[in-house]
2 protein chains.
Amino acid sequence: MSGIVDLAASVGVSPATVSRALRGLPGVSDSTREAVRAAAVRMGYVASPSASALPTGRTNAIGVLVPWISRWFFTTLVDGAQKVVSEAGYDMLLYPVGIASGKPHRIDTRVLSKRVDGLLALSVHPIPEEQAELRRFRSPVVTVGPVTAGVHSVNIDDVFAGRDAAEHLISLGHTRIAFAGGDPADKFGFPVAPDRYTGICNALLAHGITPDPRLQVPAEFVVGAGHLAFDRLWDLPERPTAIIAASDEIAMGVLYRAHLRGVRVPEDCSVMGFDGHDMSYLFGLTTISQPVREQGRVAAALLIEMMASSAAQEPQSITMPTQLVVRSTTGPA
Amino acid sequence: MSGIVDLAASVGVSPATVSRALRGLPGVSDSTREAVRAAAVRMGYVASPSASALPTGRTNAIGVLVPWISRWFFTTLVDGAQKVVSEAGYDMLLYPVGIASGKPHRIDTRVLSKRVDGLLALSVHPIPEEQAELRRFRSPVVTVGPVTAGVHSVNIDDVFAGRDAAEHLISLGHTRIAFAGGDPADKFGFPVAPDRYTGICNALLAHGITPDPRLQVPAEFVVGAGHLAFDRLWDLPERPTAIIAASDEIAMGVLYRAHLRGVRVPEDCSVMGFDGHDMSYLFGLTTISQPVREQGRVAAALLIEMMASSAAQEPQSITMPTQLVVRSTTGPA
DNA sequence: CTGTTAGCGCCTTCAG
DNA sequence: CTGAAGGCGCTAACAG
C-alpha cells in the first residue's frame with residue numbers, strides 16, 4: 001500500500017509536487033510530471049479518495065436514490081446515467097429508498113452529503129418532508145420524474161401523454177375507454193398514474209365523452225397488477241372496448257389475462273400502455289413511449305455540469321418528448 | 001456542517017468520548033452515551049465516512065462490478081444483494097465493467113481497494129489477467145457466476161442445467177434438438193452458454209443421439225439475438241423439432257420470430273430457455289430456472305460475513321439448485 | 001517551479 | 001469511565 005510519501009521519496013520530490021503532477025495542476029515542469037507519472041504507474045499508486053476528500057471536501061462520487069432497482073424503468077434510468085457518470089470520472093453510489101415498504105424516500109441528507117458530491121433522485125414523492133429534505137441538501141440535486149419545486153428535474157408530460165393515448169383510441173372509434181393504474185392506498189400522492197388518467201379524461205371530455213369512473217381500476221406498476229385489473233374490468237356489466245394501462249408492464253399483465261380468458265386483442269378489446277418497455281414489441285403492444293435511458297443520461301449530465309460549475313443556477317425542468325407507437329394491440333372499436 | 005468537535009463541546013465531553021459513545025464502544029457511562037446521542041440527533045451530526053475511513057482503513061462500502069446493469073439477470077442479482085448490503089449498513093458502489101464494449105472486466109484494483117471494503121464481481125471472465133487482478137485485491141471478494149480459482153463464488157451448475165433441459169425434451173420424444181447460444185466472437189471464454197450446451201450434448205449422447213453441430217447457432221444474451229437464431233435454424237434443410245435457447249430472453253426472441261413466421265409452438269417446434277426470467281410465464285415459456293435474486297443475497301451475505309471476520313477462510317464455491325419449470329412452449333415431438 | 005507547514009475530521013493508543 | 005496527544009493520506013497556502 002504505497003502512499004504519496006513513498007512515491008514522492010522514490011522520485012525525489014515532495015508530496016505536494018506529486019499531488020500537483022498527478023492531478024494535472026499547473027506549476028510543474030514537464031519532466032517532473034512525467035517522472036511522477038511513470039513512478040505512479042510503476043508503483044501502482046492511486047490517491048486514496050477518502051484521504052483527498054478530507055481537504056477538498058469533494059468525494060468524487062454521486063448518489064442515486066432508487067425506489068425499485070429491479071423495475072425496468074429504474075434500471076434503464078440508472079443504465080443511462082451510469083455511462084455519463086463513469087465517463088466523467090465519478091463513482092456511483094446506489095441507495096435503495098423505502099417506497100417498496102410503503103414508506104416514501106428516506107433521504108438521510110446528513111450522511112449522504114458527506115458521501116457524495118451530487119444526488120440523482122428518481123421518482124421522488126411529492127410529500128413536503130421528502131421535498132424539503134431534498135432542498136436542504138447542500139450539493140447539487142437533479143430529480144427524474146415528478147417535479148420538486150426548487151430542484152432541477154428531468155421528466156415527461158404525463159398529462160399530455162395520457163391525452164395522446166386516449167386520442168389514439170378515440171380516433172379508432174372507442175368511447176368506453178378504461179384505465180388500469182393508480183393506487184388508492186398511496187398516501188404520498190405519487191402523481192404519474194393520476195396525471196396520465198387526467199390526460200385521458202381531458203381527451204374524452206374534449207370529444208364529448210363523459211369519463212366513467214367505474215372504468216378506472218387501480219394497479220401498481222407491475223405485471224401482476226394487470227391480471228387483476230383486467231378481471232375487474234371484464235367482469236363489469238358494461239365492458240370497456242379499450243384499456244389503457246398506466247405502464248407497459250401492467251399492459252402485459254392485461255394482455256396475458258385477456259389471452260387466458262379467450263378475449264381477442266384487439267378485436268374484442270384494444271390494449272395499450274405507457275413507457276416503451278424494451279419488450280413491449282414482443283407483444284405487439286401499442287404504447288406511449290418515453291426516452292427513459294436518455295432521461296437518465298440527461299439528468300446525469302445536468303448534475304455533473306452543476307457540480308463542475310459551482311455557480312448556483314436557476315432550477316430548470318427539462319421535459320422530454322413522448323411518442324405514440326402504434327402496434328397491433330389497438331384496433332377499431 | 002457540525003463536526004465531532006462541535007458536538008463534543010456542546011455536550012461538554014471530549015471528541016474521543018463522542019466517538020466511543022456513537023459507535024457503541026464500551027467504556028462510556030450510560031448517561032454520557034445518551035447525552036451524546038441526543039445531542040447528535042439534535043445537531044444532525046453524522047460522522048464523515050471519508051474522515052473515519054482514514055484512521056480505520058474501512059470505507060463502509062462494498063463495490064459491485066456489473067457488466068450490463070440493464071439486463072434482467074444482473075439487475076436481479078443487484079436487487080438481491082442490495083437489500084443485504086444496505087441492511088448491514090454498507091453503501092453500494094456500482095461499477096460498470098467494459099464487457100459491453102467487447103473488452104473484459106477492467107478491474108482497477110488500486111482505486112477500488114481504497115474505495116470499498118469488499119467486492120462483488122458479477123460474471124467475471126475466466127481470463128488470467130482478470131482473475132489475477134481479482135485475487136490481488138486485498139479485501140474480500142465474492143463472485144457470482146463463473147468460478148475463479150482462489151476466490152469465493154456463488155453459482156449454478158450450468159452443465160447440469162443443460163442436461164436437465166435436454167432430458168426434458170428427449171423425454172418428449174425429441175431428437176433433433178437445437179441450441180441458440182454462445183458467441184463465436186467471444187475471445188474471453190465466457191463459459192455459461194458453452195457449459196449449458198455441453199450438458200445438452202451429454203444428455204443427447206447418453207440417449208444414443210449424436211449432437212448435430214449444424215443445430216448450434218450463436219446468440220448473445222439478448223432478445224434480439226433470438227430472432228436471427230430462429231431464422232438460421234428454421235432455414236436449415238433439416239429443421240430441428242425443438243430449440244433450447246441459452247437464456248429466456250433469447251427464447252423470447254425465438255418465440256416472437258416463430259410466431260411471425262407462422263410456426264406453431266410447440267406443435268411445429270418446442271422452445272425452452274434458461275434462467276427463469278420474471279416475464280417468462282407471460283409467454284408460457286418452459287425454462288430451467290435459477291434463483292437469481294437469491295444468489296445475489298447469498299453472495300452479499302457471504303461477502304459481509306467475510307468482511308466482519310477478518311480471519312481468511314478457505315475459498316468456497318456455493319452452488320445453488322436449478323429447476324425445470326414446464327409450461328406450454330414444449331410438447332411432444 | 002518546488003518544498004514547507006498546517007490542517008481536513010475522525011479514531012486510537014496511552015494516561016489518568 | 002474519560003481526556004490528551006498523535007496520526008491516517010492528502011491538499012492548500014505560503015515561502016522561496
Side-chain angles (χ1 to χ4, degrees), chain A residues 1-37 39-40 43-61 89 110-117 138-139 310, chain B residues 1-37 39-40 43-61 89 110-117 138-139 310:
Chain A
M1 281 303 246
S2 49
I4 198 172
V5 196
D6 309 313
L7 214 190
S10 107
V11 182
V13 294
S14 73
T17 299
V18 169
S19 176
R20 288 188 282 247
L22 257 25
R23 289 183 301 151
L25 295 186
V28 183
S29 73
D30 288 353
S31 58
T32 307
R33 197 188 296 278
E34 258 326 298
V36 172
R37 277 204 184 123
M43 302 176 61
Y45 169 83
V46 183
S48 151
S50 314
S52 50
L54 223 35
T56 59
R58 303 178 16 85
T59 61
N60 216 43
R110 289 151 289 154
V111 244
L112 235 53
S113 60
K114 298 188 175 178
R115 260 271 193 237
V116 304
D117 297 336
R138 284 168 193 76
S139 315
S310 53
Chain B
M1 281 302 246
S2 50
I4 198 171
V5 195
D6 309 313
L7 214 191
S10 107
V11 183
V13 294
S14 73
T17 299
V18 170
S19 174
R20 285 189 282 249
L22 256 26
R23 286 183 304 150
L25 295 186
V28 182
S29 74
D30 288 353
S31 58
T32 306
R33 197 187 298 276
E34 259 326 299
V36 172
R37 277 205 183 121
M43 303 176 59
Y45 169 82
V46 183
S48 151
S50 314
S52 51
L54 221 36
T56 60
R58 299 175 21 80
T59 60
N60 216 42
R110 290 151 290 154
V111 241
L112 236 53
S113 60
K114 298 187 174 176
R115 259 278 195 229
V116 304
D117 298 336
R138 284 168 193 76
S139 313
S310 54

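Just so it is clear: chains get the letters A, B, ... in the order the sequence lines come, proteins before strands, and each one is counted from 1. Just so you know, these numbers come straight off a predicted model, no measurement behind them.
When heavy atoms are screened at a 4.0 angstrom cut-off, B:T32 is found touching the sugar-phosphate backbone but no base atom. B:G3 comes within contact range of the sugar-phosphate backbone alone, with a heavy-atom separation under 4.0 Å but no base atom that close. Using a 4.0 Å heavy-atom criterion, one finds that B:V18 contacts no nucleic acid atom at all. Across all strands shown, A:A47 has heavy atoms under 4.0 Å from sugar-phosphate atoms exclusively, and none from any base.
In this structure, of C:dC8, C:dT12, C:dG9, it is C:dG9 that holds the atom nearest to the side chain of B:P55. Taking every side-chain heavy atom of B:V28 into account, D:dT2 is the closest of D:dT2, C:dT2, D:dG3. Among C:dT2, C:dG9, D:dC10, the nucleotide with an atom closest to any side-chain atom of A:Y45 is D:dC10.
Neither OP1 nor OP2 of C:dC8 sits under 4.0 Å from any side-chain N or O of B:S48. OP1 or OP2 of D:dG3 has at least one side-chain nitrogen or oxygen of B:S14 nearer than 4.0 Å. Phosphate contact (OP1/OP2 of D:dA12, side-chain N/O of A:T56, threshold under 4.0 Å): absent. For B:S50, no side-chain nitrogen or oxygen approaches OP1 or OP2 of C:dG9 to under 4.0 Å.
In this structure, A:S19 and B:T17 both approach DNA chain D, and ranking their closest nucleotides by distance from the 5' end singles out B:T17.
One can place CZ of A:R20 at 20 Å from P of D:dG9, the figure rounded to the nearest angstrom. Rounded to whole angstrom, the span from the CG atom of A:L25 across to the P atom of C:dC1 amounts to 13 Å. The CD1 atom of A:I4 sits 5 Å away from the P atom of D:dC10 (whole-angstrom rounding). A straight line from CE of B:M43 to P of C:dG9 spans 13 Å, rounded to a whole angstrom. With rounding to whole Å, A:L54 atom CG is found 9 Å from D:dG9 atom C1'. At whole-Å resolution of the value, CD in A:E34 and P in C:dC1 are 15 Å apart. Separating the CZ atom of A:R23 from the C1' atom of D:dG9 is a distance of 13 Å, rounded to the nearest angstrom. One interatomic measurement links the two molecules: NZ of A:K114 to C1' of C:dG9, which rounds to 9 Å at whole-angstrom precision.
Between A:L22 and A:L7, some side-chain heavy-atom pair lies under the 4.5 Å cut-off.
Between atom CZ of residue A:R138 and atom OG of residue A:S113 there is a gap of 5.0 Å, rounded to the nearest 0.5 Å.
The backbone N or O of A:S139 sits nowhere less than 3.5 Å from a side-chain atom of A:D117 that would complete a donor-acceptor pair. Looking at A:T59, its side chain never comes within 3.5 Å of a backbone N or O of A:A53 through a donor-acceptor pair.
The two residues A:R20 and A:R33 come nearest to each other via the heavy atoms O-NH1, 3.5 Å.
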